[in-house]
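Any value given below was found using the heavy atoms of this structure, including those in side chains, with hydrogens, waters and symmetry copies removed. Note that the structure is a prediction, hence the values are computed from the model and not measured. Letters go in sequence order (proteins before strands), and every chain restarts at 1.
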Number of protein chains: 2
Amino acid sequence: MDNKKIEKISKALSDANRIAILQQFKKRKDCLYCAEVNDLLDLTQPSVSHHLKQLVDADLLLSQKEGRNLKYVLNQQVLNDYIACLNELKS
Amino acid sequence: MDNKKIEKISKALSDANRIAILQQFKKRKDCLYCAEVNDLLDLTQPSVSHHLKQLVDADLLLSQKEGRNLKYVLNQQVLNDYIACLNELKS
DNA sequence: TTTGAATATTTGAATGTTTCGATGTTTTAT
DNA sequence: ATAAAACATCGAAACATTCAAATATTCAAA
């Protein structure tokens, strides 16, 4: 994982709303529907859509269409890689 | 570690220059002098100072005066706590 | 105690991010 | 077909970040 990627993931993580989104995955068997995220945050639908996009663009979330719904899944692999890079910083 | 803190640390990490700074600590026995960082990055001195401040404000770096020099030390504890929070996201 | 080296702060311009309202697209149900 | 639901995109306002130039501070040495 190169520094550009680390920067991108860090940027995706640098917002309290997006952290809150990620934390929900633990509570909901690793998958979340877009509508659930809308209920979760006190933001308009376009704003939530924007935050989800940031997380998807950083590959922290994977999205999957299910009819007219959108299902998000946490990308554990990318999270693991990111954590590994941070661990590398330690001597 | 609360979400505001995670946000702040993530923000500190969301810049390629700052990631490059942190990576240098591994190569230089965990401490870096301000002047070394200036040599390292292709930025003016005030910009480097600004980036270092972001890292210190996020508690990722600890600073210590040594005469008129400033020594920065990686704060392993905060890095560990941050990594622990990220690990918590995984189910 | 003045000088100079090392670092910090301020300022302002350019750029990026967050948010919302309005509108568009896709899909399901009637 | 039409309407409604779910989500995305656009446009603009508000706010934050980045960077460099200028200036200030702090400290050691002369």
_Just the rounded figure in Å: distance from P of C/dG4 to CG of B/Asn69._
19 Å
*In the 5'-to-3' direction, what one-character label does each nucleotide of nucleotides 20-30 of chain D receive under the scheme B = base within less than 4.0 Å of a protein heavy atom, S = sugar-phosphate only, - = no such atom?*
BBB---SSS--
*Using whole Å, report how far CD of A/Gln54 lies from P of D/dT9.*
12 Å
*Rounded to the nearest angstrom, tell me the gap between atom CD in A/Gln64 and atom P in C/dT26.*
20 Å
*State, with a plain yes or no, whether a side-chain heavy atom of B/Leu43 is found less than 4.5 Å away from one of B/His51.*
yes
_Working to the nearest 0.5 angstrom, can you tell me the gap between A/Ser47 OG and A/Leu41 CG?_
9.5 Å
*Counting distance only, does the side-chain N/O of B/Lys71 pair as donor-acceptor with the main-chain N or O of B/Cys31 below 3.5 Å?*
no
_In whole Å, I'd like the distance from the CG atom of A/Leu70 to the P atom of C/dT27._
12 Å
*Below 4.0 angstrom from OP1 or OP2 of D/dC10, is there any side-chain N or O of A/His50?*
no
*Is there a donor-acceptor pair under 3.5 Å between the side chain of B/Lys90 and the backbone N or O of A/Gln76?*
no
_Using Watson-Crick or G-U wobble geometry with both distances under 3.5 Å, which nucleotide pairs with D/dA30?_
C/dT1
*Check the distance between D/dA6's C1' and A/Leu32's CG and give it to me in whole angstrom.*
16 Å
*Report the distance from atom CG of A/Asn38 to atom C1' of D/dC7, rounded to the nearest whole Å.*
8 Å
_Checking B/Lys4 now: which residues fulfil side-chain hydrogen bond (donor to acceptor under 3.5 Å, both in side chains) with it, not counting sequence neighbours?_
B/Glu7
*Answer yes or no: is there an ion pair linking B/Asp59 with B/Lys5, defined by an N-O contact shorter than 4.0 Å?*
yes
_If I take atom OH in residue B/Tyr33 and atom P in nucleotide C/dA8, what distance separates them, rounded to the nearest angstrom?_
14 Å
*When rounded to the nearest 0.5 angstrom, what is the spacing between CG in B/Leu61 and CG in B/Asn75?*
8.0 Å
*Please give, in whole Å, the distance from C/dT18 P to A/Lys53 NZ?*
13 Å
*First locate atom CG of B/Asn87, then atom CG of A/Asn80, and finally report the distance between them rounded to the nearest 0.5 Å.*
7.5 Å
*Where along residues 10-22 of chain A does a heavy atom fall under 4.0 Å from DNA chain C?*
A/Lys11, A/Asp15, A/Asn17, A/Arg18
*A/Ser49 side chain N/O closer than 4.0 Å to the phosphate oxygens (OP1, OP2) of D/dA8?*
yes
*How far does CG of B/Asn3 sit from CG of A/Asp15, to the nearest 0.5 angstrom?*
10.5 Å
